Amino acid sequence: MNRATTSSLQGAWSALAEFYPEALTARSLELYQQVRGWAEDRGGITLIGGWAVYELVEPLRAQRSRDLDLVLHTADTLHAFSARLPEWGLTWRSSGRSRFKDCHFRDDEDRRIMVDVFTTRPFAKGLFGRQANTNLKDAAGQGFIPGLDYLLRDKVATVPLRQGRDAERKQLKDCLDIYNLVFYNEEGRLPGELRSVVPLSARRAAKGEADRLIERFPDHREPLAVLVDWLVPAE
Amino acid sequence: MLLAAFGNVYGNVAGGYGTVARPPTSPGLSPTYEPLIKNVRTTKEVICEKGDIGAVRAPAEFVVTRHLISHPDDGPSELARHVGLHTATASRVLKRLQAAGIETDEQRLSHLRKLSERPHHKTIGFRVPNPEQFFAALDTLGAGFLVSGEAAAVRDGIDLIPERHLIYVDEGAWEAVARAADETLAKIAPSSKANLTVKQADPWLCEDKTGAYVERGQRLLDYEQSNHVQLARSLERLG
């Protein structure tokens with residue numbers, strides 16, 4: 001099945017349906033495909049977040065994302081990316097702490113699709129000075145589509161870091177993504193083996209949040225409970 | 001502390017099925033409850049518990065009738081060879097069936113339903129996030145299995161999307177089943193909640209030509225136990 005034809009949301013994750021309207025994720029898909037075409041040619045960029053999960057899970061389980069998350073490996077890549085923004089209809093968003101935090105696109109109904117840009121510490125410090133502690137990720141050795149291990153570690157680490165507006169729904173989406181990576185990855189790797197690639201401390205932190213989500217979203221109790229069991233099995 | 005102990009006995013806090021490990025008895029635990037805890041079996045113990053085929057002797061009439069559904073032209077010696085009976089036994093059953101005028105698949109199936117002497121299949125139900133991962137794990141562990149139920153129904157041309165899976169394994173494969181369950185987070189579940197049922201094949205059960213599915217006679221019997229298959233067939237008849 002062509003991934004581009006899969007619907008925005010499937011199965012029981014209806015709590016997220018209003019957060020991921022079809023029209024918005026369809027536009028996000030267009031943007032993703034444009035950026036991907038350029039990024040794969042250029043190199044030095046790694047996709048993470050929901051669209052990376054989309055690429056690594058079985059087509060029938062692949063869910064479109066709303067925002068685009070990219071790790072830029074070098075300062076040159078960041079400058080080249082900036083030069084392409086007008087072509088994609090993107091503009092930098094001013095942020096109190098760092099001018100280079102993220103950029104966004106507004107669709108015809110003025111809904112915002114965020115492109116979160118992450119950089120690695122060595123060149124971020126040179127660019128941002130004291131603000132170099134935000135938006136840092138290391139994607140050394142990863143291609144545009146990251147490896148399953150890397151993405152799983154990143155997704156699990158992200159769960160307890162969600163803050164602000166819509167944090168709980170983003171955490172629920174994170175848990176959905178982790179669930180699909182663990183149980184429906186295209187590589188055919190098994191949950192028991194995948195557990196070992198994520199540090200226990202990260203799994204414990206994510207488990208605490210996932211436990212809370214079970215109370216918050218009782219309709220999704222079963223998959224969340226399965227995820228909790230994968231994160232930290234009962235002894 | 002007592003609640004934590006029973007949390008393990010009756011599944012994890014989030015409502016999973018089956019036990020994971022025998023909970024340790026606690027120094028603070030009331031002596032009244034200690035025997036209960038000690039009698040708890042782990043998931044692996046339940047899975048690997050020796051099954052009973054439910055028969056002292058081969059239920060020959062059942063076995064032969066079942067096999068004839070996919071091999072209607074087999075003679076006594078072929079029957080005996082395929083299902084593991086003595087030729088004389090197979091011959092006697094064949095003659096009985098012929099004398100009773102049981103010649104078509106429908107008649108054979110109807111006859112099977114009436115027989116009280118039939119093999120028993122040790123059965124364990126699981127709730128597993130992705131059954132395909134379970135099958136892959138079994139493959140990796142070198143444990144073969146035969147498919148029946150809804151997935152086999154699709155292969156037989158019944159129009160449905162499988163939701164519940166049924167497989168048969170050999171007696172020696174339960175250890176692998178336990179390991180596959182552990183690897184894929186499959187939990188023992190009651191039949192109403194299970195999306196995967198694993199049965200122990202009786203010694204006389206054959207595979208079909210592909211080697212991947214149980215023989216047709218057993219498949220037809222299994223379809224009768226599946227509401228989903230029965231509904232799909234009813235809809236096809238209406239259509």
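What you see is a predicted model; the values in this text were computed from it and never measured. Below, chains carry the letters A, B, ... as their sequence lines are ordered, and counting in each starts from 1.
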For A:Arg153, I'd like to know if atom CZ has over 12 heavy atoms of other residues, nucleotides or ligands within 6.0 Å.
yes

With sequence neighbours left out, the residues meeting side chain to side chain donor-acceptor pair (under 3.5 Å) with B:Arg216 are B:Asp105

Step through the shown structure and confirm whether more than 12 heavy atoms of other residues, nucleotides or ligands are within 6.0 Å of CZ on A:Arg42.
yes

For A:Arg189, is it the side chain, the backbone, both or neither that has a heavy atom under 4.5 Å from a heavy atom of chain B?
backbone

Can you list every pair that meets ring pair (Phe, Tyr, Trp, His ring centres under 6.0 Å) and has a residue in residues 207-239 of chain B, with sequence neighbours left out?
none

Is it true that, when you exclude A:Glu193 itself, more than 12 heavy atoms of the residues, nucleotides or ligands shown sit nearer than 6.0 Å to its CD?
yes

Within the side chain of B:Asn130, is there an N or O that forms a donor-acceptor pair under 3.5 Å with the backbone of A:Phe183?
yes

What is the minimum heavy-atom distance between A:Tyr179 and B:Pro129, and which atoms define it?
OH-CB, 3.7 Å

Closest contact, heavy atoms only, A:Leu190 versus B:Thr184:
CD2-CG2, 4.3 Å

A:Glu222 vs B:Arg127, side-chain contact (heavy atoms from CB on, under 4.5 Å): CA-CA, chis, key distance, verdict:
CA-CA 10 Å; A:Glu222 185 181 345; B:Arg127 185 96 184 146; 2.7 Å; yes

